[in-house]
Peer 1: 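Here you go, one structure.
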Amino acid sequence: MNNVFSAAQKLRLDGIQNLVTGMGVEAYDQSMGMQLFSRPILNQQQQSKLLKYGFLRKLVCKLPKAATSRWGNATIIDGNADVLTDLETAIDKIKVIIPGELPVTGVRKAFYHALFNAFLTGNGAIVIHTIPKKNEILDLSQPIDLKNLKQIRKLVVLDRWQIQPVLTQDLEEVIYFQTLMGGASRIHSSRVLWFDGEKLDSWGRMQNQGCDESILEGIYEVFMQYAGGIQGAARMLQDFDVLDIAIKGLWDMTADQAKIMLVRAQQNTQMQSIYRARIRDADNETLTYSTRSVGGYSDLLETLKNWMQANTEYPPAILFGEFSTGLGASGKSQEERTLWNETIADLQESRMTHQLIGRHEAAPGLLDILCACTEGPTSGKTPDGLGWAWNALYTPTPTEQADLEMNRAQMAMTIAGGDPAFLPQYILSAYGGSDFNPIITLTPEYKKQVAD
C-alpha cells in the first residue's frame, strides 16, 4: 500500500485499519501507550485548581473542620471557674486576619484556617502581633518578651506561599521566618505558630524552601488515575461497539484513490479508537454494529479506589460516603467511628496542643502569651498548671448516658462502703468537668467543699 501521508502526521501504516482508527496518533489513540515522568511539586495555581474537585476539597477541608468543630477548653489546677470563664472569653475575642477576607474573631477560626492552609499548601502559620507595655514600636524580628506584653493585637493566618522558614547553613534550628507579603521581612520564630503539612525529609525540605508538602501531593496521581478510569468506563460503553463499514469497490479505491478512501473512512468513524471500526470490501455498502462484552472493569475501579484510600487517613464512610450494609445499618460502624475519632484526636494532639501550650520558654504557646499580657484575662500572671483539654469527639446516646450514670453511681456506692475518705476525690473526677460528663457538672461551691 502506498504511503500517502507526511511524516508530520506520525501515522503507523501497519494495515488498512490504522487509516480509519488513527492507531499511532497520540491525539486520538488512547491505547497507544503510557508515559512515565517525574512531576514537580504542585505550585500555588495547581493547588488552587485541584481544590475545585469536590472529592479533593473534602480531603483538604474535612479533617481541619472536624479537629476544630468540638474545640476544647483551658484547664488549671485549682479549677477556678471565674478564671476559666475569663480565659474562654479572651480566646473568643482575639482578632483574626485572613488575607483576602474580612476580619473574624476567635482562636478556633484561626486554627481552622491554619490547618486548612497546611493541608492545601504544605504549611500554615499564625503570626502573633502583640502590643508592648512600653511605648515601643513592635518589631516582629525580635523574640517575644513575655515580661513586656500589654495585650495581643491580632493573629494573622498565612500559608506556605506567604511565609517560609529561613534555613541556616547548619540546618539546625529555624530562628526566623521570611514573609513574602508587602515586601520581604523577617519574623522571629517565637511569634509564629507553624502548622505542619505532609512531612518531607531534610533534603526534600531544602528543595521546597524549608516547607512541607500539600496533602494533595500523595493523592494527586492516584486520584487522576481513578477519575480517568471512570471516564474510561464511559468511553468503553461506546468504543466496544464495533462499527462494521462495508464500502463497495474499496480495493479499487486503495489502488488508485487512497486519499478518497481515507476521507470516506474518517467521515464514518471520526478516528476515535482502535476498537471502534473496521473497513472491508463488499458488493453493497452497509453500516452495522456488533457489541462486545466487557468484564472486570468494576474490579479495576475498585482496586484504584482502594489504592487511593490507602494514601489517606480517611475511613470509607467519610471519604467515599460508602456505608456499612445490612439490616438497620447506620453507615457509621463502631470501628469506623473509633478510627475517625482517633485520627482527629491524633491531629489535635500532634499539631495543635503545643501551639496553645508551649513546650519550652523559647517557643511559648498562644495561651502562655495571652496570660502574660497585663491586660489579658489573668492580668499577666500565668495560672498554675495551665493546660488544654479537647472536648470529647463523641456524644453518648441517651441509653449510653443512662448506663454511664448507673455505673458511676454503683462505683460511688462501692467506694463509700470500702474507703469513704476516697469518695470526694472520685466525685470530683467523675462529675467535675465536661471531659467526663457533658450533662452533670459540679457547682463551684460544691467543688470547694469537696476540695476542703
Side-chain angles (χ1 to χ4, degrees), residues 39-71 98 100-101 108-125 157-162 194-200 204-205 208 211-233 300-324 331-333 335-352 393:
R39 180 182 54 79
I41 293 177
L42 296 173
N43 60 36
Q44 186 176 6
Q45 290 74 25
Q46 290 169 330
Q47 291 168 351
S48 180
K49 289 180 180 180
L50 289 177
L51 198 63
K52 296 179 180 179
Y53 288 95
F55 178 87
L56 296 181
R57 184 171 184 84
K58 177 188 291 187
L59 198 71
V60 171
C61 298
K62 193 71 175 179
L63 262 175
K65 186 175 294 183
T68 55
S69 61
R70 299 300 294 268
W71 200 227
I98 300 147
E101 300 185 20
R108 179 194 301 203
K109 295 178 182 178
F111 271 58
Y112 165 72
H113 285 280
L115 279 174
F116 171 83
N117 287 341
F119 275 56
L120 176 62
T121 69
N123 289 107
V157 183
L158 304 175
D159 62 35
R160 65 85 92 217
W161 303 107
Q162 297 163 331
W194 187 245
F195 291 78
D196 296 332
E198 293 296 305
K199 297 298 292 183
L200 296 171
R205 285 195 297 274
N208 200 30
C211 298
D212 299 323
E213 278 189 340
S214 164
I215 195 175
L216 298 176
E217 297 287 345
I219 197 70
Y220 172 76
E221 296 287 355
V222 65
F223 170 74
M224 289 304 176
Q225 292 179 11
Y226 179 70
I230 295 177
Q231 295 175 357
L300 174 62
L301 290 178
E302 189 66 25
T303 300
L304 288 172
K305 181 187 293 184
N306 293 337
W307 186 13
M308 185 161 52
Q309 174 71 34
N311 282 273
T312 73
E313 301 180 73
Y314 289 80
I318 301 295
L319 194 60
F320 296 105
E322 293 183 345
F323 302 131
S324 53
K332 294 182 180 180
S333 66
E335 293 77 12
E336 288 180 335
R337 187 176 66 195
T338 301
L339 174 62
W340 178 237
N341 288 343
E342 288 178 352
T343 301
I344 297 172
D346 178 69
L347 175 64
Q348 290 174 334
E349 188 61 33
S350 62
R351 302 195 191 187
M352 298 169 64
L393 297 171

Peer 1: Tell me whether R205 contacts the main-chain N or O of D212 through its side chain, where contact means a donor paired with an acceptor under 3.5 Å.
Peer 2: no
Peer 1: Working to the nearest 0.5 Å, report the span between CD of E213 and CG of L200.
Peer 2: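 It is 4.5 Å, given to the nearest 0.5 Å.
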Peer 1: Drop me the distance from L51's CG to L59's CG, to the nearest 0.5 angstrom.
Peer 2: 10.5 Å
Peer 1: Indicate yes or no for a side-chain donor-acceptor contact from S214 to the backbone of F119 under 3.5 Å, with no hydrogens or angles considered.
Peer 2: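 At least one qualifying donor-acceptor pair exists.
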Peer 1: Grab the two heavy atoms, one from R351 and one from D196, that are nearest each other, plus how far apart they are.
Peer 2: NH1-O, 2.9 Å
Peer 1: Decide yes or no for L393 and Q348: does some side-chain heavy atom of the first lie under 4.5 Å from some side-chain heavy atom of the second?
Peer 2: yes
Peer 1: So does K199 have more than 12 non-hydrogen atoms from other groups sitting under 6.0 Å from NZ?
Peer 2: yes
Peer 1: Out of curiosity, Q46 CD to Y220 OH, how far, rounded to the nearest 0.5 Å?
Peer 2: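 Rounded to the nearest 0.5 Å, the CD-OH separation comes to 6.5 Å.
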Peer 1: Could you measure the distance from the NE2 atom of H113 to the OG1 atom of T68? Nearest 0.5 Å is fine.
Peer 2: 9.0 Å
Peer 1: Measure the acute angle between the ring planes of F223 and F55, then classify it against the limits of 30° and 60° as parallel, tilted or perpendicular.
Peer 2: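 Taking F55 first and then F223, their aromatic rings lie parallel (interplane angle under 30°).
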Peer 1: Distance-only, no hydrogens or angles: does the E217 side chain make a donor-acceptor pair with backbone N or O of L42 under 3.5 Å?
Peer 2: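 Yes; judged by distance alone, with no hydrogens or angles, the pair exists.
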Peer 1: What closest approach, in Å, do W340 and A66 show between heavy atoms, and which atom pair accounts for it?
Peer 2: CZ2-CB, 3.9 Å
Peer 1: What do the steps show when you test M352 against L115 for side-chain contact (heavy atoms from CB on, under 4.5 Å), and what is the final call?
Peer 2: CA-CA 9 Å; M352 298 169 64; L115 279 174; 3.5 Å; yes
Peer 1: Do any N or O atoms from the side chain of N123 and from the backbone of F195 form a donor-acceptor pair under 3.5 angstrom?
Peer 2: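 It does hold such a pair.
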Peer 1: Using a 4.5 Å cut-off on heavy atoms from C-beta on, say whether the side chain of I215 contacts that of V60.
Peer 2: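 Side chain of V60 against side chain of I215, heavy atoms only: contact under 4.5 Å found.
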Peer 1: So Q44 and T121, side-chain contact (heavy atoms from CB on, under 4.5 Å) or not? Walk me through it.
Peer 2: CA-CA 7 Å; Q44 186 176 6; T121 69; over 6 Å; no
Peer 1: Starting at NZ of K62, measure out to OG of S69 and round the result to the nearest 0.5 Å.
Peer 2: 9.0 Å
Peer 1: Has the side chain of T343 got a donor or acceptor atom that lies under 3.5 Å from a matching backbone atom of L339?
Peer 2: yes
Peer 1: Stepwise, does the side-chain contact (heavy atoms from CB on, under 4.5 Å) test hold for L216 with L56?
Peer 2: CA-CA 7 Å; L216 298 176; L56 296 181; 4.1 Å; yes
Peer 1: Please report the interatomic distance CG(L50) to CG(L120), rounded to the nearest 0.5 Å.
Peer 2: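 Answer for the CG-CG pair, L50 versus L120, is 9.0 Å.
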Peer 1: Give a yes or no on whether Y314 atom OH has more than 12 heavy-atom contacts from other residues, nucleotides or ligands under 6.0 Å away.
Peer 2: yes
Peer 1: Under the side chain to side chain donor-acceptor pair (under 3.5 Å) rule, collect the residues that match up with Q47, sequence neighbours excluded.
Peer 2: W161
Peer 1: Restricting to salt bridge (Lys or Arg N to Asp or Glu O under 4.0 Å), what partner residues turn up for D346, sequence neighbours left out?
Peer 2: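 Partners of D346 by the salt bridge (Lys or Arg N to Asp or Glu O under 4.0 Å) criterion come out as none, since no residue qualifies.
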